[in-house]
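Please read the structure below before turning to the comments.
These values consider heavy atoms only, across backbone and side chains, with no hydrogens, waters or symmetry-generated copies.
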Amino acid sequence: MAQQEVQNGGGVEKDAAAPAVSTVTFTAVKPQISVEAPKANDAVQFYKAAFGAEEVGRTMHSKRKAEQETPLILSAELSLAGSTVLVSDLVADSAAPVKSEGSGGVVLCLETEDVAAAIAKAVSAGAVAEGEVVEGEGACCGGSVGKVTDPYGFSWLICSPVKKCATVEA
């Protein structure tokens with residue numbers, strides 16, 4: 001199969017009458033975990049205890065501070081394994097989509113050298129282990145992988161670092 005070079009926006013025919021599109025550069029991807037209000041603070045505490053996340057910032061819902069006994073979190077920014085994850089309380093007027101029965105979900109993956117110990121730590125913080133740790137061909141590129149579900153319904157794969165994966169040919 002011939003290999004074709006495709007750049008951002010490449011491979012699509014341009015309409016001469018269409019206005020020029022400026023170049024857009026993204027500076028970060030930040031997965032956002034929205035949990036049922038008012039449980040975002042509990043979720044942040046869980047991610048700190050289970051995965052060693054560090055909270056680097058927090059923004060509260062300004063409109064809801066006076067209305068709520070427990071102020072709602074608009075966004076708590078966590079540093080986790082060199083990445084940023086946002087945790088928010090899900091409210092009716094939130095921009096985050098509400099997860100519906102049968103819809104696709106988000107699975108988050110963390111790498112560690114000691115999969116079993118990481119799963120045990122998550123379980124001791126309140127997660128539920130899903131199945132056994134799988135090793136070899138059924139795991140991440142021949143390493144090992146286990147799965148936990150946190151108290152907020154999100155699935156986390158705990159994987160050993162990728163050693164060497166087969167090259168994918170186009």
**OP:** Please determine which of Cys159, Ser155, Cys109 meets the side chain to side chain contact (heavy atoms under 4.5 Å, CB included) test together with Lys147.
**Re:** Ser155
Can you check whether [X] reaches [Y] side chain to side chain, under 4.5 Å on heavy atoms?
| X | Y | result |
| --- | --- | --- |
| Leu80 | Leu110 | yes |
| Val148 | Glu130 | no |
| Phe51 | Ile158 | yes |

**OP:** Using atom types as modelled and distance alone, determine if a side-chain donor or acceptor of Ser160 lies under 3.5 Å from a backbone N or O of Ser144.
**Re:** yes
Original post:
Near Glu55 CD, under 6.0 Å, is it more than 12 heavy atoms from other residues, nucleotides or ligands?
Top reply: yes
Original post:
Is it true that atom NZ of Lys39 has more than 12 heavy atoms of other residues, nucleotides or ligands lying nearer than 6.0 Å?
Top reply: no
Separation of [Y] [atom2] from [X] [atom1] (nearest 0.5 Å):
| X | Y | atom1 | atom2 | value |
| --- | --- | --- | --- | --- |
| Leu74 | Ser88 | CG | OG | 6.0 Å |
| Leu78 | Arg58 | CG | CZ | 8.5 Å |
| Leu90 | Ile33 | CG | CD1 | 12.5 Å |
| Phe154 | Ser34 | CZ | OG | 6.5 Å |
| Asp42 | Ile73 | CG | CD1 | 8.5 Å |
| Ile119 | Leu157 | CD1 | CG | 9.5 Å |

Subject >> With Asp150 via side chain to side chain donor-acceptor pair (under 3.5 Å) - residues at least two apart >> reply: Tyr47, Trp156
Original post:
Hey, quick one: are Tyr152 and Val128 part of the same hydrophobic cluster, counting side-chain heavy atoms closer than 4.5 Å, chains of contacts allowed?
Top reply: no
